[in-house]
Amino acid sequence: MIQVRFFAALRERSGKECLEMALPDGVATVAELIGWLEQSDQTLAAAFAATPCRMVAVNEMLASEEASLEDGDVVALFPPVTGG
Amino acid sequence: MIQVRFFAALRERSGKECLEMALPDGVATVAELIGWLEQSDQTLAAAFAATPCRMVAVNEMLASEEASLEDGDVVALFPPVTGG
Amino acid sequence: MKTCIAVQDAPLNATAPQQWLRDEGVSGAIVLFSGHVRDEDGRVEALHLEHYPGMTERFLGTIVERAGQRWHLNGAWVVHRVGTMRQGDEIVQVAVSAEHRQAAFEACAYIMDILKTRAPFWKKELIDGSWHWVEARERDALAAAAWLAGEPGHEPR
Amino acid sequence: MKTCIAVQDAPLNATAPQQWLRDEGVSGAIVLFSGHVRDEDGRVEALHLEHYPGMTERFLGTIVERAGQRWHLNGAWVVHRVGTMRQGDEIVQVAVSAEHRQAAFEACAYIMDILKTRAPFWKKELIDGSWHWVEARERDALAAAAWLAGEPGHEPR
C-alpha cells in the first residue's frame, strides 16, 4: 500500500485529502503515479490540470516527479509553497 | 580660532581633550595641522607616533588628512573606531 | 548549536526568540527576521495558513542543520504560525546567534529563503468575503535557486 | 520612513525596536541586529565605550538616510549604548522594517557595516584589572569598503 496526500488548492480541487492504495502495476515513479491517477479519476485529472505547477514530497522529503516509488511510501502532491 | 579634539587612546596619550587655537600661519590642511602640532608639542608628537593609524573628522564629518581647514573649524583626531 | 523549531496556531511571542538565544556574551550577534501579515493596501481581510504537519517540522529542522554546517552558529530559532491571522500579525520568526555578525546575517537570510520557497506552507487570503489561494512569487524561487546552486544536491533533505 | 536614533548610557530595552517598528502590516518584514558584549572566553571583566557626542548621532542619522535612499524602508531604529558594560549586555540595536525581506536584510547589514567601521565609538576592555583599548578589526574595514565602493563619494557625510 501507498498513501497519496493532497494539500492546499490541490486538496480543495480534488475534494480528497488522502488516498490509500496499492502501488499500481507499471507505476514506478511519481510521474507515473500522477498519470495513473489522471486515468482512473476524472476529478483528480481536472484538479491536476488546474494545478499545472506542482511540488512533490516522498516520505516527507521534497522530491522530483522522477523519484521512484515503492510499497509503503507516502507521496504528497501540492501547489508551490507560499509560507513565511 | 579652531578647535582640535582628541578621542580614546589619542586623548589619553596626549593628555588633552580639546585645544582652542588660532589656525597657525601656513596651515591649510589637517595633515599640516598635525605636522604643526608635532612641532610645537612633544607630548602630542609622542601621542601621534604611538597612534600611527588615525581617523579624522572636520566639523563632525569624517574627512581625510588632505581636507582643507578654515577659521572656525572643529577638527577631531582619533584612532580607528571600534563600536557595535 | 541549540535549536528551537515549532509550528503553532497560537500567536507568536515577539520577545521569545531573543530571550531564548541570549547566552551571556558567548554570541556577539543575534539577527532576527520577523515576518508580518501585510495589509496589501487594506485589500486582504484575513489570511489562513495551511501546512503539512510532520514534514514541516522535519523540513525546518533540516534547513537549520544545514545552516549550522555552513556557518558557525550558537543557536537557531524558527517558529511559524499557522491557522487564521489578520493583518499585522506576526507569522514567522527566524533568529540566529553567532559570534560574529556576518554569519548571523547570512544564516538568517538563508533560512528565510529556503523556508519561503520550499517549506510546505500555503496561504489563502480572504478578499471581499471569499478565500483565494496565494500564488508563489517568482522572486522567492529565484532567491532559493541562488542559494541552492552552491550546494551539493538540490533539495534540503 | 520613520527613524529613531539614540546613544544612551542606560541599558537597552530588548523589545523596544520591534514594538516601535510594527505598523499593522504595512511592513511584511522586520530585521533586527542585536549586538552583545562578548565574553571572550571570560578574559574580559568589563567593557567601556566612549563616543563623540554630537557627531555620533549625526553620523548614525546619515547612515540611516543613505540606507533609506538605497532600499525601500518604512522604518529604521539605531540605538547604541555607551559607558561601562558587562559581558552579555546588549550594546547596539539596528532594526529596519520594509515591505519585503531582502531590502530589510540588506539595509540592516549595511547600517551595521558602516556603523562598525566609521561611527565614532571606541571600546576599552578591563582585563586582569587594567583597561586596554580594543584595536579595530581588519574584517570590519573590509566590510565597509565593499559597501562604500558602490557609492558616490567615499564617506557617509
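Values in this document were obtained by computation on a predicted structure and should not be read as measured data. We name chains A, B, ... by the order of the sequence lines, and we start the count at 1 in each one.
- By the 6.0 Å contact criterion, CD on D/Gln8 is enclosed, its count of non-hydrogen atoms from other residues, nucleotides or ligands being greater than 12.
- Here the closest non-hydrogen pair linking C/Ala14 and D/Arg22 is CB-NH1, 4.5 Å.
- Here C/Asp39 is the residue among C/Leu21, C/Asp39, C/Val37 with the most heavy-atom pairs under 4.5 Å with chain D.
- The CD atom of C/Gln18 sits 6.5 Å away from atom NE2 of D/His36, with the distance rounded to the nearest 0.5 Å.
- The interface of residues 81-94 of chain C with chain D, defined by heavy-atom distances below 4.5 Å, comprises C/Gln87, C/Gly88, C/Asp89, C/Glu90.
- For the pair D/Asp113 and C/Arg101, the minimum side-chain heavy-atom distance is below 4.5 Å.
- Within a 6.0 Å sphere centred on CD of C/Glu135, heavy atoms belonging to other residues, nucleotides or ligands number 12 at most.
- Annotation: residues 25-35 of chain C contacts chain D through C/Gly25, C/Val26, C/Ser27, C/Gly28, C/Ala29, C/Ile30, C/Val31, C/Leu32, C/Phe33, C/Ser34, C/Gly35 [non-hydrogen atoms, separation under 4.5 Å].
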| task | Decide yes or no on side-chain contact (heavy atoms from CB on, under 4.5 Å) for D/Arg38 and C/His100, but give the supporting numbers first. | result | CA-CA 10 Å; D/Arg38 290 185 53 203; C/His100 300 295; 3.2 Å; yes
